[in-house]
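These notes are about the structure you will find just below.
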Amino acid sequence: VLPPIEYLDFAWRWYTHVRYDLASSGIAGAEPELLGEVRPDDLGSRQRFVDALGRRYGVTDDEVVPAMGTSGGLYVIYATLLERGDRVLCEAPSYEPLWRVAAANGAEIDHFSRRFEHAHHIDVDEVLAALRPKTRAVAITNPHNPTGCVLSDAELRQLAEALAARGVSLVVDEAYLELARPCSTARKLGPNVIACASATKCWGVSWARAGWVFLPPELKLAATRVERYVNGLSPPVSWAYGERAVDSADRLLARAHELQATKREMVDRFVASASDVLSWVPPHASSVFGFVRDRRGEDLLPKIEKGITELGVLVAPGCFFGEPSAFRLGWTTKAPDVNEGLTRLARALGLGEAIEPHR
Ligand SMILES: Cc1ncc(COP(=O)(O)O)c(C=O)c1O
């Protein structure tokens with residue numbers, strides 16, 4: 001029996017049930033009509049989706065495997081790569097499925113730290129020191145979930161090269177990359193890089209479940225086989241919408257930036273006004289979330305739960321990312337709700353008079 005993915009259980013328990021949602025990390029959903037009509041039985045859509053991804057990211061056909069969201073992509077990657085007893089070295093703090101799905105596919109998990117003191121960047125020497133003889137892959141997110149830190153291509157290339165020299169793959173979950181750097185993928189930065197992403201987070205097309213894996217051509221056959229095992233025939237409608245989403249990506253990003261306007265300033269003010277208690281490494285300018293630490297050092301879960309049940313405000317507790325005295329704060333809901341949500345969050349966290357009204 002698979003163990004729970006505790007963060008997702010928490011998220012599904014509360015998602016859409018709390019008035020002020022400062023937990024969600026994806027751009028508000030785009031209406032399907034924005035992408036035009038598609039046929040659910042369009043069997044040609046899979047190849048057209050692959051072609052569209054090739055045009056946007058400059059990857060070749062034999063590097064692409066469509067997947068059911070980034071979630072499905074992670075499953076495909078680990079089921080393709082791992083043998084029982086292999087080890088996966090995963091970043092911390094971490095998006096729980098990044099290591100849970102590896103564990104479910106037989107891996108032993110180790111962690112390395114993306115330290116606050118290093119602005120959550122990766123110390124390659126620390127990663128190399130944490131490799132073990134059976135380490136098959138290092139797994140990261142870029143942008144980093146939960147902190148919104150973005151690694152440069154130079155940093156990623158250096159890490160990929162160091163791992164390639166040791167026969168280790170670099171798995172990069174790029175679910176949030178289009179908001180930071182449109183049209184790019186770490187797959188281009190080294191032969192041992194495997195990347196996954198989807199139309200969900202940056203383009204607001206979560207409902208299509210249109211995701212992808214970019215991998216070395218020699219892994220494509222095995223990865224495609226995973227899809228056969230899990231889905232048989234994946235829904236053509238996902239790929240049909242996926243093709244439209246990729247081809248409409250610039251328009252969807254413009255929509256995303258319009259929806260996000262003014263909200264970051266509110267959040268910056270919130271964190272600054274409670275700076276005696278709260279601190280963060282400011283996430284990249286287009287990020288829709290950041291990871292806020294509480295200097296008091298306590299496990300914030302009870303306060304966060306009180307915020308949910310008594311004050312109607314939801315944030316993602318840091319305990320699910322491996323840091324109990326922090327929380328991931330998102331600003332994808334409507335601007336007035338972000339504003340009111342922050343006021344309520346201040347109350348839930350007992351920040352009292354530290355916080356000024358954010359009007
Ligand atoms: C880092 C990361 N990867 C993947 C996912 C899942 O996204 P998708 O809808 O593409 O499956 C999420 C969702 O929260 C995420 O934060």
Side-chain angles (χ1 to χ4, degrees), residues 5-16 21-30 49 53 65-78 88 90-102 104 114 120 138-151 170-181 185-186 194-214 227 230-231 234-235 238-239 241-242 245-246 249 252 256 283-284 287-291 314-318 320-322 327-333:
I5 299 177
E6 289 169 12
Y7 168 60
L8 293 187
D9 288 353
F10 175 89
W12 280 112
R13 175 165 176 217
W14 295 115
Y15 179 60
T16 75
D21 177 359
L22 304 181
S24 288
S25 61
I27 294 297
F49 180 43
L53 289 165
V65 176
M68 292 283 100
T70 317
S71 311
L74 281 176
Y75 191 89
V76 167
I77 290 170
Y78 290 134
V88 169
C90 183
E91 66 188 7
S94 47
Y95 173 63
E96 193 180 336
L98 193 65
W99 60 269
R100 280 272 190 215
V101 179
R114 296 188 63 163
H120 305 298
V138 169
I140 64 172
T141 50
N142 190 48
H144 184 207
N145 181 7
T147 70
C149 163
V150 186
L151 302 178
L170 176 61
V171 173
V172 188
D173 176 330
E174 303 180 329
Y176 301 98
L177 188 57
E178 278 270 337
L179 281 170
R181 285 212 300 269
T185 172
I194 305 174
C196 58
S198 77
T200 296
K201 297 290 178 182
C202 303
W203 302 339
V205 187
S206 59
W207 41 264
R209 309 309 301 141
W212 55 88
V213 175
F214 295 154
E227 187 191 359
V230 176
N231 297 339
S234 305
S238 290
W239 314 143
Y241 275 122
V246 175
L252 293 169
H284 75 86
S287 187
V288 296
F289 56 82
F291 200 49
L314 178 66
V315 294
F320 297 121
F321 300 87
F327 57 92
R328 194 189 66 192
L329 178 64
W331 47 96
T332 57
T333 192

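All residue numbers in this chain count up from 1 along the given sequence. These numbers come from a predicted model, not from an experiment. Order of appearance sets the numbers: ligands from 1, and atoms from 1 within every ligand.
Atoms of ligand 1 lying under 4.0 Å from any heavy atom of Lys201, numbered from 1 in the order shown and given with element: 12 (C), 13 (C), 14 (O). Here is the list of ligand 1 atoms found below 4.0 Å of a heavy atom in Thr200: 8 (P), 9 (O), 10 (O). In the vicinity of Arg209, heavy-atom distances shorter than 4.0 Å reach the ligand 1 atoms 8 (P), 9 (O), 11 (O). Under a 4.0 Å criterion applied to the non-hydrogen atoms of Gly69, ligand 1 contributes the atoms 10 (O), 11 (O).
Side chain of Thr333 to backbone of Asp21: no donor-acceptor contact under 3.5 angstrom is found. With hydrogens and angles ignored, the 3.5 Å screen pairs a side-chain donor or acceptor of Arg328 with a backbone N or O of Ala23. Proximity of a side-chain donor or acceptor of Ser24 to a complementary backbone N or O of Gly26 within less than 3.5 Å is not detected. Formation of a donor-acceptor pair under 3.5 Å by the Glu96 side chain with backbone atoms of Glu6 is found in this model.
Under 4.0 Å from ligand 1, the heavy atoms of Asp173 that appear belong solely to its side chain. Contacts between Ser198 and ligand 1, counted as non-hydrogen atom pairs separated by less than 4.0 Å, involve the side chain only. Neither the backbone nor the side chain of Met68 has a heavy atom within less than 4.0 Å of ligand 1.
Residue contacts with ligand 1: Arg328 is placed with no nitrogen or oxygen under 3.5 Å of a nitrogen or oxygen of the ligand (distance criterion only). Geometrically, ligand 1 and Thr70 share a nitrogen or oxygen pair separated by less than 3.5 Å.
Looking only at side-chain heavy atoms (C-beta outward), Leu98 and Tyr78 come within less than 4.5 Å of each other.
The nearest heavy-atom contact from the protein to atom 16 (O) of ligand 1 is Tyr176 OH, 2.6 Å. The protein non-hydrogen atom at the shortest distance from atom 6 (C) of ligand 1 is Ser71 OG, 3.4 Å. Closest to atom 15 (C) of ligand 1, if we only count protein heavy atoms, is Tyr95 CZ, 3.4 Å.
To the nearest 0.5 Å, atoms CD (Glu91) and OG1 (Thr147) are separated by 8.0 Å. Rounding to the nearest 0.5 angstrom, the gap separating the OG atom in Ser71 from the OH atom in Tyr95 is 5.0 Å.
Taking the six-membered ring for Trp and thresholds of 30 and 60 degrees, Tyr7 and Phe320 have ring planes inclined between 30 and 60 degrees apart.
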